[in-house]
Amino acid sequence: MKKLLVSLLIGLPMLHAAAMGAVLFTDTFERPDGNNIEASLDGIANNTGTTFVPGDNPVGGTPVYIHGYRDTGNRYPNFNGADAVSTDGGGIQISANRLQLAYAPGTANAMINHNFVNAAITTAGGFSVSADFAGFDHTLANDHNYGVGFAVGLPASAGAPGGTGDAATGNPRMTGGIGTTIGATVPTQSLSDFWIVLRTNGTLAWGGNGGTSGTVAGITGLGTQPTGNVTVNFFFASFDQDSTVNYEVFFNGVSRGAGTFVWSGDNENYIGLDARATNGAFVDSLTVSIIPEPSAALLGLFGCFFLLCRRR
């Protein structure tokens with residue numbers, strides 16, 4: 001019986017990591033190829049409360065994504081292919097049911113056009129962001145200057161054209177993990193309160209605003225141009241400015257680290273993807289979910305334990 005109890009207690013973190021609540025938003029990018037990444041809403045499940053419209057037309061409704069940095073010829077209204085100029089951003093397209101982010105010279109990002117401060121998130125005590133990073137089309141040195149990741153706690157301004165810049169050199173930029181060294185101070189140019197980036201040199205790096213995440217954390221040894229699922233669970237009581245957020249990082253289902261950061265603004269939590277590679281990084285899916293209340297998971301686990309005790 002003692003062994004059973006120990007096994008159940010050891011399983012608590014894994015249960016908490018695996019348990020997912022209601023999905024607020026998911027995009028599998030399973031729609032026709034093209035530079036207009038939201039010509040249709042196929043592959044998108046939207047429970048955010050914001051009504052999205054297809055077409056990436058800022059006049060005709062609310063587009064699913066907005067872009068602080070994207071090739072000027074690769075956006076509404078023309079959606080041409082990206083040019084060879086790196087300083088105006090890279091291209092974005094749907095390719096083979098994946099999002100190809102930052103193809104052609106330049107970096108690019110895409111921010112979900114919804115402020116994720118839903119009441120259901122604070123009621124549950126947190127949310128989770130998960131992305132499947134499916135590889136790179138990359139020909140230069142595999143170093144920390146190239147990668148793909150996501151950011152949370154972004155202001156609305158990050159999605160306006162020119163609201164962010166190059167993922168490695170922009171001021172401001174969406175994330176802070178491209179071009180930075182693990183152990184270094186988090187770049188102040190990053191607009192997000194927390195970011196995580198899978199890089200071409202086989203490292204996963206993350207950092208945040210204040211808390212324990214003022215220094216770039218990460219893991220190494222993931223292989224050249226790695227692929228895999230990156231999930232981060234966030235736990236907190238409020239979206240108030242300066243309130244603390246606890247987080248835990250998972251790569252391919254394995255816990256890789258934890259820490260804290262603070263919200264830099266009140267009720268400000270846009271979420272975006274950011275990439276830098278010679279011809280793009282591929283994203284297979286992006287999901288934002290509500291995390292179930294930990295008490296529910298605990299009650300379920302210990303309910304099973306006491307049931308087993310009675311049967312003995």
Side-chain angles (χ1 to χ4, degrees), residues 16-29 43-50 64-66 99 101 109-118 120-122 124-134 147-156 158-159 167 174-178 190-198 204-209 211 213 217-218 227-236 239 245-264 267-275 281-292:
H16 195 208
M20 298 300 296
V23 171
L24 289 173
F25 176 89
T26 188
D27 191 352
T28 62
F29 307 106
I44 296 173
N46 173 33
N47 300 300
T48 62
T50 296
V64 181
Y65 295 100
I66 46 181
L99 178 68
L101 193 61
N109 57 44
M111 189 172 84
I112 304 169
N113 199 10
H114 173 78
N115 190 14
F116 285 90
V117 293
N118 301 60
I121 293 176
T122 49
F127 68 99
S128 176
V129 180
S130 176
D132 291 334
F133 297 127
V148 59
F150 59 76
V152 306
L154 287 161
M174 180 177 284
T175 55
I178 296 177
S190 173
L191 281 181
S192 57
D193 291 333
F194 176 89
W195 47 261
I196 187 165
V197 178
L198 184 63
L204 180 69
W206 61 87
N209 175 51
S213 295
T227 63
N229 174 268
V230 174
T231 298
V232 184
N233 295 336
F234 303 94
F235 308 94
F236 52 94
F239 281 108
V245 182
N246 296 280
Y247 69 85
E248 186 171 10
V249 171
F250 296 85
F251 182 66
N252 287 335
V254 178
S255 180
R256 303 294 183 145
T260 65
F261 63 92
V262 299
W263 297 122
S264 63
N267 296 308
E268 192 175 75
N269 186 31
Y270 285 85
I271 296 170
L273 293 164
D274 197 20
F282 294 97
V283 184
D284 257 350
S285 64
L286 172 65
T287 301
V288 182
S289 301
I290 297 170
I291 290 179

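Note that the numbering runs from 1 along the sequence shown for the chain.
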With a 4.5 Å limit on heavy-atom distance, are the side chains of [X] and [Y] in contact?
X: Leu198; Y: Phe251; result: yes
X: Val249; Y: Leu204; result: yes
X: Phe127; Y: Ile271; result: yes

What's the separation between atom [atom1] in [X] and atom [atom2] in [Y], rounded to the nearest 0.5 Å?
X: Leu154; Y: Ser190; atom1: CG; atom2: OG; answer: 7.5 Å
X: Phe250; Y: Arg256; atom1: CZ; atom2: CZ; answer: 11.0 Å
X: Leu273; Y: Leu286; atom1: CG; atom2: CG; answer: 5.0 Å

Backbone N or O of [Y] within a donor-acceptor pair of the [X] side chain at under 3.5 Å?
X: Asn233; Y: Glu248; result: no
X: Asn252; Y: Asn229; result: yes
X: Asp274; Y: Gly149; result: no
X: Ser192; Y: Gly153; result: no
X: Asn115; Y: Asn267; result: yes
X: Ser213; Y: Thr260; result: yes

(request) Could you tell me whether Phe194 and Tyr247 have their ring centroids closer than 6.0 angstrom? (result) yes

If every non-hydrogen atom of [X] is compared with every non-hydrogen atom of [Y], which pair is closest and at what distance?
X: Phe236; Y: Ile121; value: CZ-CG2, 3.6 Å
X: Met111; Y: Ala156; value: CE-O, 3.7 Å
X: Ser128; Y: Thr231; value: OG-CG2, 3.4 Å
X: Phe29; Y: Asp284; value: CD1-O, 3.6 Å
X: Ile178; Y: Gly147; value: CD1-O, 3.6 Å

(request) Say whether Asn118 and Thr48, considering side chains only, have a donor N or O and an acceptor N or O under 3.5 Å apart. (result) no

(request) For the residue pair Ser289 and Thr287, confirm or rule out a side-chain donor-acceptor distance under 3.5 Å. (result)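 Distance-only check fails for Ser289 and Thr287.
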
So which of [options] actually passes side-chain contact (heavy atoms from CB on, under 4.5 Å) with [X]?
X: Val283; options: Asp27, Val148, Asp132; value: Val148
X: Asn113; options: Ile66, Thr50, Val64; value: Ile66
X: Phe150; options: Val230, Val197, Thr175; value: Val230
X: Ile290; options: Leu24, Thr122, Asn47; value: Leu24

(request) Please state whether the rings of Trp263 and Phe239 are parallel, tilted or perpendicular, taking 30° and 60° as the class boundaries. (result)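 Geometry flag for Phe239 against Trp263: tilted rings.
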
(request) Walk me through it: do Val152 and Phe116 pass the test side-chain contact (heavy atoms from CB on, under 4.5 Å)? (result) CA-CA 9 Å; Val152 306; Phe116 285 90; over 6 Å; no

(request) Decide side-chain contact (heavy atoms from CB on, under 4.5 Å) for Val129 and Val232; before the verdict, give the C-alpha distance in whole Å, the side-chain angles of both, and the deciding distance to 0.1 Å. (result) CA-CA 6 Å; Val129 180; Val232 184; 5.5 Å; no

